[in-house]
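Heads up, the thing below is written out as structure tokens.
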Amino acid sequence: MIKQELREKISGLIELPPSLQFTIEQPPKHSQSDLATNLPIVLSRTTGKEIKKIADEVISKLQGSQLVEKIDFAAPGFINFNISLQRLAQELKTVTAEDNAYPGIDSGKNKKVLLDFVSANPTGPLHIGHARCAIIGDTLSRIFRQFGWETLQEYYVNDIGTQMDILSESVEFRSRQLNGEKIDFPENAYKGEYITEIAGDINSKYENLPQREEIKKITLEKILDIIKNDLTDFGVNFDSWIYESELHNKGIVEKTIGLLKKQGVVYEKDGALWFGSAESGDEKDRVVKRKDGRYTYFGADIAYHSDKIARGFDKLINIWGTDHHGYVPRIMSAIKSLGYDENNVKIILYQLVSLSRNGVRLKMSTRAGEFITLREVMKEIGVDATRYFLSTRTPESHLEFDLELAKKQSPENPVYYIQYAHTRCCGIFREAKLEPSEKIFSGVNVSLLKEPAERDLMKKILFYPDTLNSCINDYTPHHITTYLLDLAGSLHKYYDGYRVLGNDEVLKISRLYLINAVRIVIRNGLSLLGISAPSRM
RNA sequence: GGGCCCGUAGCUCAACUGGAUAGAGCGUCUGGCUUCGAACCAGCAGGUUAGGGGUUCAAGUCCCCUCGGGCCCUCCA
């Protein structure tokens with residue numbers, strides 16, 4: 001990663017206070033350089049040394065470096081760098097060699113991360129809000145894996161509790177109605193069409209209506225099938241499905257709460273058991289076991305986290321809608337009480353999606369059966385465009401999803417702009433009747449790639465690993481989409497301005513070498529987003 | 001009433017966590033296919049970063065106030 005390289009290089013040249021924070025960043029366009037640091041400014045502040053003197057010292061020590069060239073001072077106290085052709089060429093070589101595996105960074109080697117996401121109550125098909133969560137989790141997993149992490153994608157199924165009771169009641173009523181009984185459908189019941197379908201299925205399979213518990217089991221299974229199919233077709237695969245009921249049945253809930261009680265962080269009051277979360281930042285203490293003896297959702301969730309911790313992960317990631325933000329302090333408090341380092345827990349909060357059609361806000365209620373399913377969106381907009389749309393915003397941004405707009409814009413969707421850049425790269429090789437291979441690139445001469453557009457492409461390729469690194473650090477996939485759009489733009493510009501398949505054989509091969517690297521990076525980037533990279537469109 | 005998040009071009013969003021002259025796509029307008037695919041390129045226009053104050057070499061980014069939008073304040077999940 002180029003920024004890290006430069007940072008280490010500078011740190012090795014000059015004595016720095018150990019905790020000094022300085023930036024390595026991409027400077028604005030007008031600076032005409034590739035990288036910049038604010039080191040002189042910040043170092044001057046702590047040491048009192050003159051800014052210009054610091055800069056001169058760093059600049060003189062970097063002369064002759066194989067990493068950077070054209071090193072300049074810039075007011076009010078930056079140093080600007082250009083990356084050497086040698087370093088740019090080195091990256092092209094790495095890309096070509098590693099191909100599908102690029103970038104082969106193993107910073108996460110021997111580390112395990114568990115991502116718990118979607119985990120929607122199994123009361124109906126997934127909608128666009130769940131899809132946003134699915135995309136954030138799935139894409140982050142892919143990036144973690146790229147960096148060598150072992151990932152586990154887990155879906156926590158809330159298969160007990162009030163919602164499940166109402167759900168099975170809803171199915172039962174629909175079954176009886178279908179059987180000709182004249183009964184009123186309960187006001188608070190689930191009214192979606194899938195309820196009627198499940199009810200119909202049950203009626204056709206059973207002579208007599210099964211018991212409520214049996215109905216619940218059948219309904220849960222059917223709905224989980226729907227959810228699993230939706231996710232699979234959306235390109236999101238879970239490794240593990242864990243059921244709340246099992247945590248109870250295996251006694252994990254009871255054991256965990258018992259342990260906390262022994263520690264003294266769980267206590268009895270008003271006939272219920274409380275967890276003392278107020279002590280570490282929560283508004284108040286929370287009930288984990290009700291007066292009637294049943295554990296709360298929170299009580300079971302503590303057990304779930306205890307179970308996750310026991311399975312031995314270096315990092316736990318939870319992805320929740322912001323409607324759960326009030327829940328964060330109590331679960332973090334619980335995690336601390338369980339003896340797990342809270343710094344290894346990341347709770348990503350994403351803003352809910354508001355759905356509209358032609359600017360008219362649509363209510364999204366699973367209960368009322370009024371919602372657009374993910375399935376419908378995939379069908380109308382397509383998986384690639386939907387995934388792109390959901391990847392391209394930061395999780396904390398409010399997201400307005402207008403169906404008509406999305407449909408209308410889909411032929412103009414930026415995702416096609418990126419994919420088209422990829423097909424153009426493939427098209428050149430088709431036209432040249434060549435397959436990319438080390439053999440055809442043996443006569444490459446990178447120093448022939450001296451057009452500004454070529455340098456621009458090489459530079460952007462070099463920044464790809466840093467882009468992925470930002471995604472990991474910020475826990476968001478959206479940097480990739482911004483990056484790919486930029487890279488695709490550079491490719492299109494180059495394609496329009498220069499001919500790759502010219503008469504000069506060495507130049508041709510060298511340009512093909514560059515085009516091939518662009519092709520690999522675009523394809524690998526799209527792959528991390530779960531988006532296809534077609535060779536023809 | 002208390003708390004969290006958001007407000008950036010006509011629209012949808014970026015801006016590398018405090019850096020330099022705030023950038024893309026879409027839309028509008030003007031040009032460009034006899035040449036590796038025009039699902040493209042070049043150019044024009046579009047901004048007091050909701051508004052006001054503060055912190056400092058430097059603020060879209062941090063602090064305070066106001067306005068507007070979303071969400072949460074269950075022995076629900």
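Reminder, nothing fancy here: chain letters follow the sequence lines and each chain counts from 1.
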For a quick test of reading the model: is some side-chain N or O of [X] closer than 4.0 Å to OP1 or OP2 of [N]?
X: A:Lys52; N: B:C57; value: no
X: A:Tyr417; N: B:A38; value: no
X: A:Tyr420; N: B:A39; value: yes
X: A:Ser397; N: B:A14; value: yes

Over all strands shown, is [X] touching base, sugar-phosphate only, or nothing at heavy-atom distances under 4.0 angstrom?
X: A:Thr481; result: nothing
X: A:Leu501; result: base
X: A:His492; result: sugar-phosphate
X: A:Ala36; result: base
X: A:Asn473; result: nothing
X: A:Asn158; result: sugar-phosphate
X: A:Leu434; result: nothing
X: A:Ile41; result: base
X: A:Asp486; result: nothing
X: A:Arg424; result: sugar-phosphate
X: A:Gln26; result: base
X: A:Tyr498; result: base
X: A:Lys291; result: base

Check the distance between [N]'s [atom2] and [X]'s [atom1] and give it to me in whole angstrom.
X: A:Met332; N: B:C4; atom1: CE; atom2: C1'; result: 16 Å
X: A:Met537; N: B:A38; atom1: CE; atom2: P; result: 13 Å
X: A:Arg519; N: B:G37; atom1: CZ; atom2: P; result: 16 Å

Could you go over nucleotides 69-73 of chain B and give all protein N or O partners under 3.5 Å, atom names and distances?
from  : atom 1 : to       : atom 2 : distance (Å)
B:G69 : N2     : A:His398 : NE2    : 3.0

For nucleotides [N] and [M], find the distance between their [atom1] atoms and express it as a whole number of Å.
N: B:C41; M: B:G25; atom1: C1'; value: 15 Å
N: B:G23; M: B:G43; atom1: P; value: 15 Å
N: B:G52; M: B:A14; atom1: P; value: 24 Å
N: B:A42; M: B:C33; atom1: C1'; value: 14 Å
N: B:G51; M: B:A9; atom1: P; value: 10 Å
N: B:A45; M: B:G27; atom1: C1'; value: 12 Å
N: B:C29; M: B:C67; atom1: C1'; value: 36 Å
N: B:U66; M: B:A24; atom1: P; value: 37 Å

Assess the side chains of [X] and [Y]: does a donor N or O sit below 3.5 Å from an acceptor N or O?
X: A:Glu154; Y: A:Tyr304; result: yes
X: A:Tyr190; Y: A:Gln163; result: yes
X: A:Tyr494; Y: A:Glu454; result: yes
X: A:Asp456; Y: A:Ser490; result: yes

When only distance counts, do a donor and an acceptor, one from the side chain of A:Asn80 and one from the base of B:A20, lie under 3.5 Å apart?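 It does, because a donor-acceptor pair links the side chain of A:Asn80 to the base of B:A20 below 3.5 Å.
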Using only heavy-atom distances, decide whether a donor-acceptor pair under 3.5 angstrom links the side-chain of A:Lys3 to the base of B:C16.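 Side chain to base: pair present.
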Please determine, for [N], whether a Watson-Crick or G-U wobble partner exists with both distances under 3.5 Å, and give it or none.
N: B:C4; result: B:G70
N: B:U35; result: none
N: B:U48; result: none
N: B:A24; result: B:U12
N: B:A42; result: B:U30

Hey, does [Y] have a side-chain heavy atom less than 4.5 Å from the side chain of [X]?
X: A:Thr423; Y: A:Arg536; answer: no
X: A:Pro76; Y: A:Phe78; answer: yes
X: A:Phe463; Y: A:Leu487; answer: no

Of all the choices, [options], which nucleotide is nearest to the side chain of [X] once you look at every atom?
X: A:Arg430; options: B:A39, B:G37, B:C13; result: B:G37
X: A:Ser470; options: B:C16, B:A39, B:U35; result: B:C16
X: A:Arg45; options: B:A38, B:C6, B:A58; result: B:A58
X: A:Leu485; options: B:G25, B:G19, B:C36; result: B:G25
X: A:Tyr416; options: B:A39, B:C57, B:A14; result: B:A39
X: A:Tyr297; options: B:C36, B:G19, B:A77; result: B:A77
X: A:Val500; options: B:U21, B:A58, B:C36; result: B:C36
X: A:His478; options: B:A20, B:C41, B:A14; result: B:A14
X: A:Arg330; options: B:C75, B:A77, B:U17; result: B:A77
X: A:Glu396; options: B:C36, B:C41, B:C6; result: B:C6

Do A:Phe78 and the base of B:A20 stack face to face, with centres under 5.5 Å apart and an angle between planes under 30°?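 Given the distance and angle limits, yes, they stack.
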Single hit among A:Ile160, A:Leu220, A:Asn158 for side-chain contact (heavy atoms from CB on, under 4.5 Å) with A:Ser245: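 It is A:Ile160; the other options fail the test.
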Quick one: which of A:Leu512, A:Asn516, A:Ile520 gives a side-chain contact (heavy atoms from CB on, under 4.5 Å) with A:Pro436?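 Checked A:Leu512, A:Asn516, A:Ile520 against A:Pro436; only one passes side-chain contact (heavy atoms from CB on, under 4.5 Å): A:Asn516.
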Would B:C29 be called syn or anti, given that syn covers angles within 90° of 0?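 This nucleotide is in anti.
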Syn or anti for B:U30, with syn set at within 90° of 0?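 Glycosidic conformation of B:U30: anti.
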Between A:Leu35 and A:Tyr495, which has a closest nucleotide on RNA chain B that is more 5'?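 By nearest-heavy-atom nucleotide position, the 5'-most residue is A:Leu35.
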For RNA chain B, whose closest nucleotide is more 5', that of A:Thr394 or that of A:Tyr295?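 With A:Thr394 and A:Tyr295 compared, the 5'-side residue is A:Thr394.
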Taking the six-membered ring of A:Tyr495 as reference, does the NZ or CZ atom of A:Arg424 fall below 6.0 Å from its centre and within a 45° cone about the axis?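 Here A:Arg424 passes the 6.0 Å and 45° test against A:Tyr495.
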Of all heavy-atom pairs between A:Leu526 and A:Ala533, which one has the smallest distance, and what is that distance?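 Shortest heavy-atom contact: CD1-CB, 3.9 Å.
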Give me the atom names and distance for the closest heavy-atom approach of A:Pro534 to A:Met537.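 Distance-wise, the nearest heavy atoms are CG-CG, 3.8 Å.
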